[in-house]
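Predicted model only: the values in this text are computed from it and were never measured. Side chains included, hydrogens not; waters and symmetry mates left out as well; all remaining heavy atoms used.
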Amino acid sequence: MANLHTSFTIVLSFLFIYGYNYNVHVMAQWPSGGSTRFYDFKVQTKRVTKLCSTKDMVTINGKFPGPSVYAQEDDRIIVNVTNETPFNITIHWHGVRQKLSCWFDGPSYITQCPIQAGQSFTYEFTMVKQKGTFFWHAHVSWLRATVYGALIVYPKAGVPYPFKAPYEEHTLILGEYWLQDVVQLERATAASGGPPTPTNAYTINGHPGPNYNCSNNDVYQIDVVSGKTYLLRLIHAGLNMENFFAIANHKLTIVEADAEYTKPFTTDRVMLGPGQTMGVLVTADQSPGKYSMAMGPYMSAKGVKFQNISSIAYFQYSGAVPNSLSLPAKLPCFNDNLAVKTVMDGLRSLKPVNVSRQIDTDLFVTIGLNVQKCHSKTPKQNCQGLNNGVMAASMNNISFVKPKISLLEAYYKKINGSFTEDFPGVPLKFYDFVNGAPNNAPNNTQALNGTKALVLEYGARVQLIMQDTGTVTTENHPIHLHGYSFYVVGYGTGNYNPKTANFNLEDPPYMNTIGVPVGGWAAIRFVADNPGVWFMHCHLDIHQSWGLGTVLVVKNGKGDLEILPHPPADLPQC
């Protein structure tokens, strides 16, 4: 791992050693100055043996997790993706705001058609005023379960971290692993109308750890030196579960969340949902030994099956007795909502921020699960949801239906029939969302189906209240907004009440994925200053598949840097 006392140039030299395709040259400023970093991604199937079983799975360059992408703030990144598999693929650059580069955001059928077998597509974007811990992942079907990797963006040369430079830094990607082929898993789940099979194992950097079958030697390990402080870049690339993370007998000091610096906040454990990243400082201040780094479940919904066995990695001191037993890490109970709230309460932007006090567009969106009526002639096979129905999910009780062509292309070329611009800015009906929602037959638990977009004027100052509902079960939903970061100005339990809600307009955290609290609400604010078509969805893929999402269409402004450029020549066709 790169020692942070060395320069970024030396960091890049490690990339050559590890075999990543990496070239650097200087380009003209657009939209701001920096170097250009080139990467070559080949989408390939790889035969992998884990948990006593062997299967073929989709990877990038035959690596699991995939290759890390490194850059500096304001650098331009160019990644050529060639699909050598029979599966459709796209790559999303999670957390990258894609300023004037919506065409390269990556969600399938939202900003592009998939890259089909044998085809290539080149992603080009600039890290405009962005630095920190990001990641990339597939954004088509459930291939995200194996197609993911880190995107680490360092400060500009000569710009230090706002905390004491750590001795080393390490990236830890939290994931999930299924014995079953994930494409077949997704198809089977959709056909059943019911919930998915829980993951067979959680993983840390692709390794399940010793708690699972045939995995005593399939363990990730960080070697540490007594007295030194380490920066751990935590990335949650899991598919359908949120997870706690802790290190035995060691404190974690959060200094970054979703690639934005925070005021230092020290805790015993953290919780990350899929799509969230976090930078934590850990000091090796205990007696030399082997300490467990544990990843365990956080499940806030009721009646949902999940994997309850933790993944373990090792935080091993130099000088520790070889092959010694590891000290166990203490994780919260799987449904400890207070532990989640405690961490969220501690997140504050590093410095006071400029949050708009005036609101042009005030939105209220309910999020939650639904049960649709069964219309299948074979209900035992296709209606395995609650009350013999079909599971669904919705925003403002509209279940999002993915179109057959790219919405961005349809919007740009004015192709009619793919979507409508009538997503409601408030629920169609107000009631006691948390406690009074219908959740049993014969009550109506259905949602409307549609591909509806919400249109925003360029420059609009937006406030969005997201309200969890109990239609099926209340649950913590990690909601991700593409193309933007947003200030989390408030959150709470129960139904949102503007008269009693407490807002932080001084130093709220700036995030791209917010866990809307179980049986509660979250309030975010942002300025719609990036034209394009942007997906907003739950990052639990089963909920996304069921329809928990919508799109925001941000109109062009009037200035040169306020207009969406034309599509790239090699944009994939459906």
Side-chain angles (χ1 to χ4, degrees), residues 20-41 43 60 66-82 89-108 110-115 120-140 147-156 235 258-260 275 277 406-409 412 480-485 512-513 529-535 552 554 556 560-572:
Y20 294 128
N21 185 3
Y22 203 96
N23 300 287
V24 178
H25 71 75
V26 176
M27 64 166 292
Q29 293 188 14
W30 188 92
S32 51
S35 298
T36 301
R37 315 291 182 185
F38 291 93
Y39 284 85
D40 195 26
F41 277 18
V43 188
I60 298 296
S68 296
V69 172
Y70 295 94
Q72 284 177 287
E73 181 180 358
D74 287 341
D75 279 355
R76 189 159 181 76
I77 297 174
I78 298 178
V79 184
N80 183 59
V81 178
T82 303
I89 194 75
T90 67
I91 303 294
H92 170 55
W93 314 91
H94 189 105
V96 178
R97 291 196 274 273
Q98 297 291 358
K99 192 71 174 176
L100 297 183
S101 53
C102 186
W103 297 105
F104 304 106
D105 189 39
S108 60
I110 306 297
T111 61
Q112 69 168 96
C113 297
I115 307 166
S120 296
F121 178 54
T122 300
Y123 291 91
E124 300 185 38
F125 52 90
T126 302
M127 301 303 303
V128 181
K129 298 179 181 178
Q130 286 193 272
K131 56 187 174 293
T133 307
F134 306 84
F135 73 117
W136 56 264
H137 60 77
H139 213 305
V140 58
V147 180
Y148 60 79
L151 167 55
I152 308 301
V153 182
Y154 294 96
K156 294 178 181 179
I235 298 170
D258 279 5
E260 295 289 339
T277 70
S406 156
L407 289 184
L408 179 60
E409 202 168 357
Y412 184 84
H480 174 50
L481 175 58
H482 290 231
Y484 289 87
S485 294
N512 61 64
T513 306
D529 58 0
N530 193 11
V533 176
W534 305 106
F535 201 16
L552 306 184
V554 178
N556 283 330
D560 290 341
L561 294 179
E562 298 175 356
I563 296 173
L564 179 71
H566 59 76
D570 63 341
L571 188 70

Between [atom1] on residue [X] and [atom2] on residue [Y], distance to nearest 0.5 Å:
X: F41; Y: I115; atom1: CZ; atom2: CD1; answer: 11.0 Å
X: W534; Y: H482; atom1: CH2; atom2: NE2; answer: 9.5 Å
X: Q72; Y: I77; atom1: CD; atom2: CD1; answer: 11.0 Å
X: D40; Y: I78; atom1: CG; atom2: CD1; answer: 12.0 Å

Taking side-chain hydrogen bond (donor to acceptor under 3.5 Å, both in side chains) as the definition, give me every residue that meets it alongside [X], ordered by chain and number, with sequence neighbours left out.
X: D258; value: none
X: T277; value: none
X: T513; value: H94, H480
X: E562; value: none

What closest approach, in Å, do [X] and [Y] show between heavy atoms, and which atom pair accounts for it?
X: D529; Y: Y484; answer: N-OH, 3.4 Å
X: P107; Y: F535; answer: CB-CD2, 4.2 Å
X: S108; Y: H139; answer: OG-O, 2.9 Å
X: V96; Y: L151; answer: CG2-CD2, 3.7 Å
X: H92; Y: G95; answer: NE2-N, 4.5 Å
X: S485; Y: N512; answer: OG-CB, 4.3 Å

[X] side chain to [Y] main-chain N or O, any donor-acceptor pair under 3.5 Å?
X: D570; Y: T122; answer: yes
X: N530; Y: G483; answer: yes
X: Y39; Y: Y70; answer: yes

Could you pull out all residues at least two apart from [X] that satisfy side-chain contact (heavy atoms from CB on, under 4.5 Å)?
X: E260; result: R97, Y510
X: S406; result: C113, L408, E409
X: N556; result: P531, I563, L564

side-chain contact (heavy atoms from CB on, under 4.5 Å) between V79 and I91, intermediate numbers included: CA-CA 10 Å; V79 184; I91 303 294; over 6 Å; no
E73, R76, Q98 screened by side-chain hydrogen bond (donor to acceptor under 3.5 Å, both in side chains) with T126, the one that passes: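 Passing option: R76.
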side-chain contact (heavy atoms from CB on, under 4.5 Å) between D75 and V153, intermediate numbers included: CA-CA 9 Å; D75 279 355; V153 182; over 6 Å; no
Residues in ring pair (Phe, Tyr, Trp, His ring centres under 6.0 Å) contact with F121, at least two apart in sequence or another chain: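 Partners of F121 by the ring pair (Phe, Tyr, Trp, His ring centres under 6.0 Å) criterion, ordered by chain and then number, come out as F104, Y123.
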Quick one: are [X] and [Y] in side-chain contact, heavy atoms under 4.5 Å?
X: H566; Y: W103; result: no
X: V43; Y: V147; result: no
X: K131; Y: K156; result: no

Mutual orientation of the aromatic rings belonging to W136 and W93 [parallel < 30°, tilted 30-60°, perpendicular > 60°]: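 Rings of W136 and W93: tilted, 30 to 60°.
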